[in-house]
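Every chain is numbered from 1 and lettered A, B, ... according to where its sequence line falls, protein lines coming before strand lines.
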Protein chains: 2
Amino acid sequence: MDKYIGMSKKDNNTEEKIIQAAEVVFIEKGMAGARMQQIADVAGINKALLHYYYRSKEKLFNVIFKIAFKAFIPNLLEVFKGDKDFFTKLRYFVSKYIDVLERNPHLPGFVLHEISHRPDNLMKMVKEMNFDVDFIQDQIAEEIAQGKIKAIDPAQLLINVISLCIFPIVAKPMISGVIYKGDEKAYKKMLKDRKTHVADFIINSIKP
Amino acid sequence: MDKYIGMSKKDNNTEEKIIQAAEVVFIEKGMAGARMQQIADVAGINKALLHYYYRSKEKLFNVIFKIAFKAFIPNLLEVFKGDKDFFTKLRYFVSKYIDVLERNPHLPGFVLHEISHRPDNLMKMVKEMNFDVDFIQDQIAEEIAQGKIKAIDPAQLLINVISLCIFPIVAKPMISGVIYKGDEKAYKKMLKDRKTHVADFIINSIKP
DNA sequence: GTCTATAAGGTGATAGAC
DNA sequence: GTCTATCACCTTATAGAC
């Protein structure tokens, strides 16, 4: 079982217990695979009480999805607003982001899977959350203009960065099984090395 | 609805119709979300006949998963066995693989999602299929030894290549929504550009 | 707020006629 | 092989006592 993502500590609060349980179950099983009964069990209550707090499975799911999405596109992106060297910020972001994902390995799979099954519904929700990644692309463009990095489509570079961070987590069983022949330790070492490898790989590619 | 992956053309054959329908439904909805009734509807038959051919949902799922997995880790990898220049083979692979995934956008999400929900079950199946990617890593190591590419962990490079190809497909609604603000055409153009961009990006990073 | 009991409808699977 | 009808179970959701 995964740990819950949320930050509240009021464990005695029933609502909090429900949220924590729902995070664990939904993120592990997905909307279609999750069962209200199991969420109730994990929360240590019964189904009826679950429906008393959240009238339907879908309403509860939407609450959890928002929490998961915020963890998935983290405040971490804010580091790019700092005035440090771009490569320094990139190294910091990659290392910390892989760190976050490593501790919540089912998170990216959950968000990606659900968002591609209800794109309209969920994207509306995401828009309300008002995420902004434009400033990162602007910053990349500015770095290029100043000759600090090679010419590259800022969007492509951004996609490359997140691909290299997220995919190894989403594809854990795949990589662990096919590339490392089931050797879990080898997978973990790879992920640890990756916290510096990814930034090195990217910087090697884009430095002038 | 997606198109089916399989290659057979015997459309009148009931078994073939079932496989095609099951591919469409399972790959789009996943095991937990798929319904035998819907598969029957898409195949133009009824549930009973479905169970006549495949005794259970799980048996049918396993058949489809194997097909999907073979398409996901394609014969395309064989190009690395050729004797062309490594960078040439890399360019060819990236371009063709993104091409394949673009035409089956739900395929990688399906395989990754299901494999991480039944790792033991499915990895056993995968092992029976006897995939081999070791020769690619050997080849990378050889290139490094010959000084044709910079020192790099072959496994990390391999992971980088597939991450950069697959992630943009798995995360389509995400990228399309957050980076391109819902502009589908911009997403498609990005993917088209990516067929050359990814190899350029990688080669820039690893050329001596 | 929290529980037990149960309704209402869905879902995988089978029986049996043709 | 293919169909209709049906079973047995599961799942969400609600009613009503405390």
Intermediate values then yes/no, ring-ring contact (aromatic ring centres under 6.0 Å, His included), B/F80 and B/F135: CA-CA 8 Å; B/F80 284 102; B/F135 76 96; 7.4 Å; no

Which residues pass the side-chain contact (heavy atoms from CB on, under 4.5 Å) test with A/A68, sequence neighbours left out? A/I27, A/L107, A/F110, A/V111

What string of B, S and - do you get for nucleotides 4-9 of chain D, 5' to 3', when a contact is any protein heavy atom under 4.0 Å? B-----

I need the [atom1]-[atom2] distance between [X] and [N], as an integer number of Å.
| X | N | atom1 | atom2 | result |
| --- | --- | --- | --- | --- |
| A/Y53 | D/dA13 | OH | C1' | 18 Å |
| A/F26 | D/dT11 | CZ | C1' | 13 Å |
| A/Q38 | D/dC10 | CD | P | 15 Å |

Ignoring hydrogens and angles, state whether a donor on the side chain of A/E102 or A/Y97 is under 3.5 Å from an acceptor on the partner side chain. no

Looking just at side-chain N and O atoms, do A/Q37 and A/D41 make a donor-acceptor pair shorter than 3.5 Å? yes

Bend of the helix from C/dG1-D/dC18 to C/dC18-D/dG1 from end-axis comparison, five pairs per end, nearest 10°, comes to 10°

If the cut-off is 4.0 Å, is A/H51 near the phosphate of D/dA13, judged by side-chain N/O to OP1 or OP2? yes

Has the side chain of A/R194 got a donor or acceptor atom that lies under 3.5 Å from a matching backbone atom of A/P168? no

Can you confirm whether A/F26 sits close enough to A/F65 that some side-chain heavy atom of one is under 4.5 Å from a side-chain heavy atom of the other? no

Would you say the side chain of A/D120 lies within less than 4.5 Å of the side chain of A/K124, judging by non-hydrogen atoms? no

Within the 6.0 Å centroid threshold, strictly below: A/Y54 and A/F61: no

Determine the contact category for B/A34: base if any of its heavy atoms lies under 4.0 Å from a base atom, sugar-phosphate if only primed atoms, P, OP1 or OP2 are that close, otherwise nothing. sugar-phosphate

Would you mind telling me which of A/I202, A/V198, A/I136, A/I140 makes a side chain to side chain contact (heavy atoms under 4.5 Å, CB included) with A/V161? A/I202

Where does the chain B footprint on DNA chain C start and end, counting 5' to 3' with a 4.0 Å heavy-atom cut-off? C/dT11 to C/dA15

Within residues 56-66 of chain B, find the residues that approach DNA chain C with a heavy atom at under 4.0 Å, and present them sorted by residue number. B/S56, B/K57

Contacts of type side chain to side chain donor-acceptor pair (under 3.5 Å), residue B/D200, not counting sequence neighbours: B/R91

